Amino acid sequence: MSADPKSVKVHKTEGTGMEIEWKDGHRSAYTFPWLRDACPCALCIEEREKEGRKPGDPLKAIAGALPMFKALARPTEAEAVGKYAIRFTWNDGHQHGIYSWEYLRENCTCPECKMKRDAAAVAQGEAVDEGEGKPN
């Protein structure tokens, strides 16, 4: 499994997400909301771990709370970090996550990669989310 991208396309203007073609031929597509919810900064990782969420899982609704309008996550900026990662500045002001190519490849949202991660989790006795088509 190669964590070296052949090409990276960030569809900032369209607001659709990011596509990566890896050097081994695999292709990954990430929506901006998924990427924002998968932020790899220390603060976001700590928050996800407290709530038992995996990278890309959205915040859980608070029981009894009124739903508030929240704009869909979109980057206002995207920049390369050396040759190993990409960083986004999000429309909510957050900008601390550095998404390494290795992190993005390990968390590929395609059904094949999700199935492999789920099989590995089951083999280790971990619980697996049964939701179909939901990126991990």
Side-chain angles (χ1 to χ4, degrees):
M1 180 169 82
S2 172
D4 295 321
K6 179 178 176 182
S7 69
V8 178
K9 294 178 185 172
V10 179
H11 301 287
K12 191 174 96 172
T13 304
E14 299 89 344
T16 54
M18 178 173 68
E19 296 175 5
I20 300 175
E21 180 179 355
W22 303 98
K23 286 186 178 177
D24 64 4
H26 188 77
R27 293 176 183 266
S28 302
Y30 309 89
T31 65
F32 289 139
W34 186 93
L35 286 164
R36 179 62 185 91
D37 289 332
C39 178
C41 81
L43 181 66
C44 291
I45 289 172
E46 183 179 335
E47 187 177 298
R48 274 196 309 272
E49 286 176 353
K50 282 182 191 174
E51 298 174 2
R53 294 185 294 126
K54 295 179 183 174
D57 287 349
L59 288 170
K60 294 177 180 163
I62 300 170
L66 292 173
M68 302 296 286
F69 172 77
K70 182 180 170 188
L72 280 179
R74 282 183 81 144
T76 57
E77 294 180 40
E79 63 181 313
V81 179
K83 292 187 176 193
Y84 72 94
I86 188 167
R87 177 177 36 216
F88 298 100
T89 299
W90 296 100
N91 57 343
D92 64 3
H94 190 70
Q95 61 184 17
H96 303 295
I98 296 175
Y99 299 75
S100 70
W101 305 129
E102 184 177 323
Y103 178 79
L104 290 167
R105 184 63 193 258
E106 286 173 3
N107 290 286
C108 176
T109 62
C110 82
E112 177 186 344
C113 290
K114 184 180 181 328
M115 193 179 343
K116 286 179 184 177
R117 281 193 306 275
D118 287 351
V122 168
Q124 293 178 2
E126 297 174 14
V128 177
D129 181 10
E130 299 296 326
E132 282 192 64
K134 180 181 171 192
N136 217 8

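Count residues from 1 along the sequence. Keep in mind that this is a model prediction, so the values were computed, not measured.
For the atom pair CG (Asp118) and SG (Cys113), the distance works out to 11.0 Å, reported to the nearest 0.5 Å. Taking NZ from Lys114 and CG from Asn107, the interatomic distance works out to 11.5 Å, rounded to the nearest 0.5 Å. Atoms CD and CZ, on Glu21 and Arg27 in that order, are 4.0 Å from each other to the nearest 0.5 Å. Here the straight-line distance linking atom CZ of Arg117 with atom NZ of Lys54 works out to 8.5 Å at 0.5 Å rounding.
Residues Ser28 and Trp22 come closest through the heavy atom pair OG-NE1, 2.8 Å. Here the closest non-hydrogen pair linking His94 and Cys39 is NE2-SG, 3.3 Å. The two residues Pro5 and Lys23 make their nearest non-hydrogen contact at O-CE, 3.8 Å. Of all the heavy atoms in Ser100 and Tyr103, the pair that sits closest is OG-N, 2.9 Å. Taking both residues in full, the closest heavy atoms of Ile98 and Pro40 are given as O-CG, 3.2 Å, listed atom of the first, atom of the second, then distance.
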Identify all side-chain donor-acceptor contacts of residues 9-17 below 3.5 Å with residues at least two apart in sequence or on another chain.
residue	atom	partner	partner atom	Å
Lys12	NZ	Thr76	O	3.0

Got a list of side-chain donor-acceptor pairs under 3.5 Å for residues 78-88, not counting sequence neighbours?
residue	atom	partner	partner atom	Å
Glu79	OE2	Arg87	NE	3.3

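Sorted by first and then second residue, the salt bridge (charged side-chain N to carboxylate O under 4.0 Å, His left out) pairs with a member in residues 96-108 read Asp24-Arg105; sequence neighbours excluded. Residue pairs meeting the salt bridge (charged side-chain N to carboxylate O under 4.0 Å, His left out) criterion with at least one member in residues 36-51, sequence neighbours excluded: Arg36-Asp92, Glu46-Lys50, Glu47-Arg53, Glu51-Arg53.
By the 30° and 60° cut-offs, the orientation of the rings of Trp34 relative to Tyr30 is tilted.
Using a distance-only test at 3.5 Å, with no hydrogens or angles considered, a donor-acceptor pair links the side chain of Asn91 to the main chain of Arg74.
Shown here are the side chain to side chain donor-acceptor pair (under 3.5 Å) partners of Lys116, two or more places apart in sequence or in another chain: Glu112. For Phe32, the ring-ring contact (aromatic ring centres under 6.0 Å, His included) criterion is met by no residue, not counting sequence neighbours.
Contact check for Cys110 versus His26: side-chain heavy atoms found under the 4.5 Å cut-off.
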task: Check the pair His96 / Leu43 against side-chain contact (heavy atoms from CB on, under 4.5 Å), numbers first and verdict last.
output: CA-CA 9 Å; His96 303 295; Leu43 181 66; over 6 Å; no
